[in-house]
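The structure appears right after this line, and notes come after that.
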Amino acid sequence: KIGSIREFKTKAGFCNLDMSRAEKKQSPPPSPITSLPEDVVVDILARLPISDYPRVSLVSKRFRSLVSSPEIYARRRSSLGCTEHCLYVFLYNCATRVNLPSVGGESACVVDDVFLFFYDWSDKELRAYDPERKCWQVVKGLDDLLAEIRRAACCWLQTVSYGGKLVLLYGKGEFSWLTKEVSLEIRKGGQIWGKVYQWCDDHALIAGNFIIRKSLDVVL
């Protein structure tokens, strides 16, 4: 009986050893990209859109370090011609509802260093100032967008310059805000027309009552 027990333990030991070897053999092989030289990996990552970088940073500590390195922004993306405009906004948490001033305040912006744009709260129109003609005019072609903004009963709206286009950021209640990107065109007679270039229907949810104080268009 003692011999049988020892024999069983010995066989069990070999069995466990074989199972551990089998588990090692079944473990997934490392990704081919992890074996590439770092210079090659940086070139690959530099070609990805900036919006993919948060997900890339979750792959590994090495990738997180690479996508946060100044090297990939200051040199690699620029030399490869892969730079893009990124819009950053600085939020301010206010305890009560705030209506931004209509002209000359933080709700106005300049696009292409030429035209000044602002949202007229009283007439619910988007207006532009032409420095050559020295006059204000209503931006045409945005009836559907302005109607949607009126229906949303937004408590704040901000005009922002972004890559030669105009961006409207506006709040739909206390915890959400939307983004509309507008391309601009000067037609015969100097009339400015706008066209919604991109509709971002996904609401950005924010825990708190925020308004936008500053915005920054950065090329990365």
Side-chain angles (χ1 to χ4, degrees), residues 28-94 100 105-119 128 145 156-172 175-185 194-220:
S31 173
I33 196 172
T34 60
S35 60
L36 293 174
E38 183 167 306
D39 195 59
V40 176
V41 175
V42 171
D43 270 359
I44 294 173
L45 297 178
R47 288 175 165 83
L48 295 177
I50 293 291
S51 58
D52 287 341
Y53 280 11
R55 286 178 292 178
V56 172
S57 67
L58 299 176
V59 174
S60 66
K61 292 182 178 180
R62 180 193 181 198
F63 278 27
R64 182 164 59 251
S65 175
L66 290 176
V67 297
S68 60
S69 169
E71 162 69 16
I72 200 169
Y73 298 100
R75 296 180 52 189
R76 202 61 59 93
R77 291 179 64 87
S78 178
S79 63
L80 294 173
C82 298
T83 56
E84 57 184 289
H85 286 266
C86 296
L87 181 62
Y88 292 87
V89 295
F90 301 88
L91 303 178
Y92 173 78
N93 190 2
C94 53
L100 298 178
E106 296 177 352
S107 63
C109 76
V110 177
V111 177
D112 285 341
D113 296 326
V114 179
F115 294 99
L116 175 67
F117 293 87
F118 82 99
Y119 181 72
L145 172 58
W156 59 267
L157 186 147
Q158 180 84 14
T159 58
V160 176
S161 177
Y162 172 64
K165 299 181 180 65
L166 179 69
V167 173
L168 301 182
L169 303 169
Y170 60 95
K172 288 186 64 175
F175 297 106
S176 66
W177 51 286
L178 292 91
T179 305
K180 299 294 184 289
E181 188 174 338
V182 178
S183 60
L184 303 167
E185 177 187 0
K195 181 180 179 181
V196 177
Y197 178 77
Q198 184 174 354
W199 291 78
C200 301
D201 293 326
D202 294 334
H203 295 193
L205 300 179
I206 305 173
N209 190 8
F210 287 87
I211 60 174
I212 295 177
R213 280 305 187 192
K214 298 290 183 182
S215 62
L216 185 63
D217 179 17
V218 181
V219 178
L220 295 174

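Values in this document were obtained by computation on a predicted structure and should not be read as measured data.
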So, for [X] and [Y], which heavy atoms are closest and what is the spacing to 0.1 Å?
{"X": "Thr159", "Y": "Phe117", "result": "OG1-O, 3.5 Å"}
{"X": "Cys109", "Y": "Ser161", "result": "SG-N, 3.7 Å"}
{"X": "Val67", "Y": "Ile72", "result": "O-CG2, 4.2 Å"}
{"X": "Leu36", "Y": "Arg62", "result": "O-NH2, 3.4 Å"}
{"X": "Arg76", "Y": "Asp39", "result": "NH2-OD1, 3.0 Å"}
{"X": "Glu84", "Y": "Leu48", "result": "OE2-O, 4.3 Å"}

Measuring from atom [atom1] of [X] to atom [atom2] of [Y], what distance do you get when rounded to the nearest 0.5 angstrom?
{"X": "Lys180", "Y": "Leu157", "atom1": "NZ", "atom2": "CG", "answer": "10.5 Å"}
{"X": "Tyr170", "Y": "Leu145", "atom1": "OH", "atom2": "CG", "answer": "6.0 Å"}
{"X": "Asp112", "Y": "Leu184", "atom1": "CG", "atom2": "CG", "answer": "8.0 Å"}

Report yes or no: does [X] contribute a side-chain atom to a donor-acceptor pair with the main-chain N or O of [Y] at less than 3.5 Å?
{"X": "Arg77", "Y": "Thr83", "result": "no"}
{"X": "Tyr162", "Y": "His85", "result": "yes"}
{"X": "Ser78", "Y": "Arg75", "result": "no"}
{"X": "Tyr53", "Y": "Leu45", "result": "yes"}

Criterion salt bridge (Lys or Arg N to Asp or Glu O under 4.0 Å) on Arg47 and Asp52, from CA distance to verdict: CA-CA 10 Å; Arg47 288 175 165 83; Asp52 287 341; over 6 Å; no
